[in-house]
Amino acid sequence: MAQFRTCPDTGFAIDLAADKLIKWNAVTAVVFLLVGGLFGILVALTRWPAVHLLDADLFYLALTAHGLDVLLVWIIFFEMALLYFTSSILLKTRLAAPWLGWVQYTLMLVGALITNVAVLQGESSVMFTSYVPMMAAPHFYLGVILFAVGALMGCVVFFSTLYIAKRDKTYEGSIPLVTFGAMTAAIIAVFTILAGAVILIPTFFWSLGFIGNIDTLMYRVIWWGLGHSSQQINVAAQIACWYAIAAILFGAKPLSEKVSRTAFLFYILFLQLASAHHILVDPGISSEWKIFNTSYALYLAVLGSMLHGLTVPGAVEAALRKKGYNRGLFEWLRKAPWGNPVFAGFALSVVLFGFLGGITGVMMGTEQLNIIIHNTLYVPGHFHGTVVVGTTLAFMAMAYWLVPVLWQKELVFPGLAKWQPYLFGLGMGLASIFMMGAGTLGVPRRHWDISFADAMMVHEFPAAAYMMMGLAGISGVIGGIGGGIFILNMVSTILFGKAKVPAPAAEEAPAAPIGGAATEYGSASTLEVPGTFVLALVFLTAFVLYYFVNWKYLASVWGMS
Amino acid sequence: MAIFPPTKRVWWNEPVEKSEVLWIFIALIWALVMFFMMPYWHINGSQNLSNEAYRIRPEVFAKRTEEMAAKYKVGEEGDTGVPVVRPPAGSDVYMLGRLWEWWPVLELEKGQSYRLHLSSMDWMHGFSLQPENINLEIHPGYDMVLTVTPTSSGEFSVVCNEFCGIGHHTMVGKIHVVDK
């Protein structure tokens, strides 16, 4: 019989088994954010030309570890916590098969540790992408495989919990939008992990010597079925967090359940062959295939993101107007709780993800524009705009709410928490912009020395490129400090936080619905959202201008046919 | 609230608010514009990759490159004497990437077209022509062919921008473009 406790803050009935799994996954995620973040600061300090901290071999090692620990380990551990939260807790049901949840946790932890050991041993500095025929130690691949199998188990627990909730009728009608978003993430995760298995298992056997050769082009096509789709898991999970935060803070209801759910569905339907975005300048792949598979004829996944971009802030605007902040276009925005880290992190995540991550992602995914971007520092600039100031910041905002609620403890440094989203968001946002600037000037990614001091032939990058690299380094360190403050606050709160009123344990899940603060209104009575619409048009204008600027830049380079 | 089931059981029939409908329409139009830009550029743009590529054994590609270098060599560059090669306009031109150099140095004429063949002898490499900022992914075992027409003259560098091991940051090649 599952044990429940009632959360004093929210009234949620929390399955104690789910509670424990959520906590362990979240804490482990934060620990790996610390490890990966420290490697990231070392990388930033090395690419900052005036500092150039690490030697070449250590730099490539640190870069490999940075990518793995933050892009893979931190994010997926946190997503496991989110899957258990959005299924068991939001649906007020017990978690299906907690033992399988512990299999998930153990496999992922062991896998992450094995791969980290392989990287730190120095024989596996092959980068996150581990392109063949450069070979890592066999346990590098083995660790990633174990980690992925663990994540797959987490998805199984999630889907089983959805089934139990439906069978036991713990909710009425359809699952909440946030759970729907998490389900989108989990479905994409299953596809993603299968693509990963198809390529990483043979690669593991190749590293052991059982397979003679792995085709480089096949590797890149299938590996990116893992690498790109996994970013779509992040986007779906992050947008689920956005909707959750809007609901928690303001009782915001989606403008239209239909539109928001369809937008999530677009991610499942139109991103499974997303690896095409990464092989736009590879030989042996036709233009027709590239064009179709990056866009599916009308960019429906981009359309999905543009819809969320309107409906998430729109839901907040509608809720705040309902509360009376009705003057002019933007009173609701001015009166929003900018000092609350949950809101600040959320708002920065929405804006920065759209402008920095979203727009630039479409540039890179356009067949011809990719020629002037591929493998330059623009690429890391783009994905720091998505996974760092988008996903990571959204998860941080979520953690500012989730950690005090789950642990029933007060934040230890509320003053620091007020500033942390701005420090991290703006620091990493600027780092992202300067990396893109350097990339536009041709600076390569994953490169230890753009002054080519040890090279036989030398290329001189313009002075502006060095300035960009310096600024990217400084901003990266500032953002890194912001990340450190988040970790400090979370760890201190969990370890030394002052207890809130202890929660009484309940044998049965209470049937009473919760969240009296919710404003209830249907789409028919939804207020208009003129402020959000104006902001969306500003976004679109920036998008259109920047898109055609890039075509103009492309038109100025050498003819190719 | 998005963390609770929809208030109305039948939510899929609820009308959608008009600014949301308008935004969906605008976004869809923009998505279509972005899609049509790609085929449009294939017809009216001058910067498109060819679809021409062949499987090739690295030693065969190396042999073709060496034959071209021997035939059209006009000088040497760098400490190790990398040949500078000036093939005739319109001909097949080869450049190979290997740990950690681009070989040989090419001398091309501005305004002339060349069939450029690129391939790797070992690992993945990234052909990054600077300061033009043309970036291509170079695979071992694949002969990538594209017709290039230099539109500016001077000294150009080929930087490697696909990580290829500990010497990656020393991998630089050269292409000279001369006025006719």
Side-chain angles (χ1 to χ4, degrees), chain A residues 57 90 127 131 133-134 171-174 176-178 216-217 243-244 247 251 253-259 281-284 286-287 291 295 298-299 302-303 306 310 367-368 371-372 374-375 442 444 446-449 452 454-457 459 518 520 522-523 526 533 554 557-561, chain B residues 1-9 11-12 14-17 19-20 23-24 27-28 31-32 34-35 38 41-42 46-51 53 78-80 123-124 126 128 130-137 139-140 142 144 146-151 157 159 161-163 166 169-170 172 174:
Chain A
D57 52 347
L90 290 187
M127 301 294 141
Y131 293 141
M134 187 186 289
Y171 62 94
E172 289 200 9
S174 309
L177 179 61
V178 172
T216 54
L217 189 57
Y243 282 113
K253 183 182 180 304
L255 295 180
S256 155
E257 293 278 355
K258 184 163 47 181
V259 172
V281 295
D282 286 45
S286 76
S287 293
I291 290 175
S295 68
L298 30 77
Y299 280 107
V302 173
L303 184 68
M306 287 177 77
L310 181 86
E367 192 206 0
Q368 294 93 338
I371 298 170
I372 51 173
H374 186 78
N375 271 357
R446 296 173 169 176
H447 200 281
W448 179 66
D449 179 21
F452 306 101
D454 305 330
M456 222 146 40
M457 294 181 193
H459 175 67
E520 300 287 347
S523 294
T526 298
F533 197 77
L554 176 72
V557 307
W558 287 10
M560 280 169 281
S561 56
Chain B
M1 293 240 295
I3 55 172
F4 298 125
T7 336
K8 291 186 182 156
R9 264 194 98 106
W11 47 264
W12 51 89
E14 288 178 347
V16 179
E17 201 265 315
S19 62
E20 210 175 355
W23 178 248
I24 294 172
L28 185 63
L32 285 168
M34 291 195 296
F35 167 72
M38 293 186 284
W41 201 261
H42 273 280
S46 305
Q47 293 79 18
N48 291 290
L49 296 185
S50 75
N51 289 331
D79 301 337
T80 52
W123 290 350
M124 304 285 305
S128 178
Q130 298 298 334
E132 283 297 296
N133 210 7
I134 290 171
N135 303 281
L136 305 168
E137 191 78 37
H139 290 251
Y142 288 86
M144 184 183 201
L146 73 158
T147 304
V148 293
T149 314
T151 49
S157 305
V159 172
N161 69 4
E162 183 60 82
F163 175 64
I166 192 63
H169 47 269
T170 65
V172 183
K174 291 285 170 188

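Residue numbers start from 1 in every chain, and the chains themselves are labelled A, B, ... in the order their sequence lines are given, proteins ahead of strands.
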* To do: Starting at CE of A:Met127, measure out to CZ of B:Phe163 and round the result to the nearest 0.5 Å.
  => 4.0 Å
* Could you state the interatomic distance from OG (B:Ser46) to CG (A:Leu554), rounded to the nearest 0.5 Å? -> 9.0 Å
* To do: Would you confirm whether A:Lys258, through its side chain, and B:Glu14, through its main-chain N or O, come within 3.5 Å as a donor-acceptor pair?
  => yes
* Test item: A:Val557 and B:Asn133 side chains (from C-beta on) under 4.5 Å apart, heavy atoms -> no
* Contact leader toward chain B among A:Leu177, A:Asp57, A:Leu310, A:Leu303, where contacts are heavy-atom pairs under 4.5 Å -> A:Leu310
* Structure fact -> Highest number of heavy-atom pairs under 4.5 Å with chain A among B:Arg9, B:Met124, B:Glu132 belongs to B:Glu132
* **Under 3.5 Å donor-acceptor, B:Trp23 side chain and A:Met306 backbone** => yes
* To do: Report the C-alpha separation of A:Met456 and B:Val172 in whole Å, then their side-chain angles, then the decisive distance to 0.1 Å, and conclude whether the side chain to side chain contact (heavy atoms under 4.5 Å, CB included) test is met.
  => CA-CA 8 Å; A:Met456 222 146 40; B:Val172 183; over 6 Å; no
* Heavy-atom side-chain contact between A:Ser256 and B:Glu17 under 4.5 Å -> no
* To do: Sort out for me which of B:Met144, B:Glu20, B:Lys174 touches chain A most, counting heavy-atom pairs under 4.5 Å.
  => B:Glu20
* When only pairs under 4.5 Å are counted, which of B:Ser128, B:Pro150, B:Pro131, B:Pro140 shares the most heavy-atom pairs with chain A? -> B:Pro150
* Which distance, rounded to the nearest 0.5 Å, do you find between the OG of A:Ser287 and the CE of B:Met38? -> 10.0 Å
* Structure fact -> Of B:Thr170, B:Thr151, B:Ile3, B:Val148, the largest count of non-hydrogen pairs under 4.5 angstrom with chain A goes to B:Ile3
* Go through the steps for A:Thr216 and B:Trp123 under the test side chain to side chain contact (heavy atoms under 4.5 Å, CB included), then give the verdict. => CA-CA 9 Å; A:Thr216 54; B:Trp123 290 350; over 6 Å; no
* **Polar contact flag, side-chain donor to acceptor under 3.5 angstrom, B:Thr149-A:Trp558** => no
* Would you mind checking which part of B:Val159 comes under 4.5 Å of any heavy atom in chain A, side chain (CB onward), backbone (N, CA, C, O), both or neither? => side chain
* **Residue pair B:Asn135 / A:Asn375, side-chain heavy-atom distance below 4.5 Å** => no
* Structure fact -> Pair count under 4.5 Å, heavy atoms only, with chain A: among B:Ser19, B:Ser50, B:Ala53, highest is B:Ser19
* Asked: Judged by modelled atom types alone, do B:His169 and A:Asp454 share a side-chain donor-acceptor pair under 3.5 Å?
  -> no
* To do: Could you tell me the separation between the OH atom of A:Tyr299 and the CG atom of B:Leu28, rounded to the nearest 0.5 Å?
  => 13.5 Å
* Asked: Going from CD1 on A:Ile291 to NE2 on B:His42, what distance comes out if it is rounded to the nearest 0.5 angstrom?
  -> 4.0 Å
* **B:Asn48 and A:Ser561: side chain donor to acceptor below 3.5 Å** => no
* Do the side chains of B:Ile134 and A:Met560 get nearer than 4.5 Å, heavy atoms only? -> yes
* **Structural part of A:Phe533 lying under 4.5 Å from a heavy atom of chain B** => side chain
* To do: Sort out for me which of A:Pro444, A:Gly559, A:Ala455 touches chain B most, counting heavy-atom pairs under 4.5 Å.
  => A:Gly559
* **Residues B:Glu162, A:Arg446; criterion salt bridge (charged side-chain N to carboxylate O under 4.0 Å, His left out); working and verdict** => CA-CA 8 Å; B:Glu162 183 60 82; A:Arg446 296 173 169 176; 3.8 Å; yes
* Please determine, among A:Val302, A:Val259, A:Asp282, the option with the most heavy-atom pairs under 4.5 Å with chain B. => A:Asp282
* From B:Glu137 atom CD to A:Leu217 atom CG, the distance as rounded to the nearest 0.5 Å -> 9.5 Å
* To do: Please report the C-alpha distance between A:His447 and B:Asn161 in whole Å, then the side-chain angles of each, then the deciding distance to 0.1 Å, and finally whether the side-chain hydrogen bond (donor to acceptor under 3.5 Å, both in side chains) criterion is met.
  => CA-CA 7 Å; A:His447 200 281; B:Asn161 69 4; over 6 Å; no
* If you count heavy-atom pairs under 4.5 Å with chain B, which of A:Gly284, A:Ser286, A:Gly442 comes out on top? -> A:Gly442
* Asked: Tell me, do A:Ser174 and B:Pro5 make a side-chain contact under 4.5 Å, heavy atoms counted?
  -> no
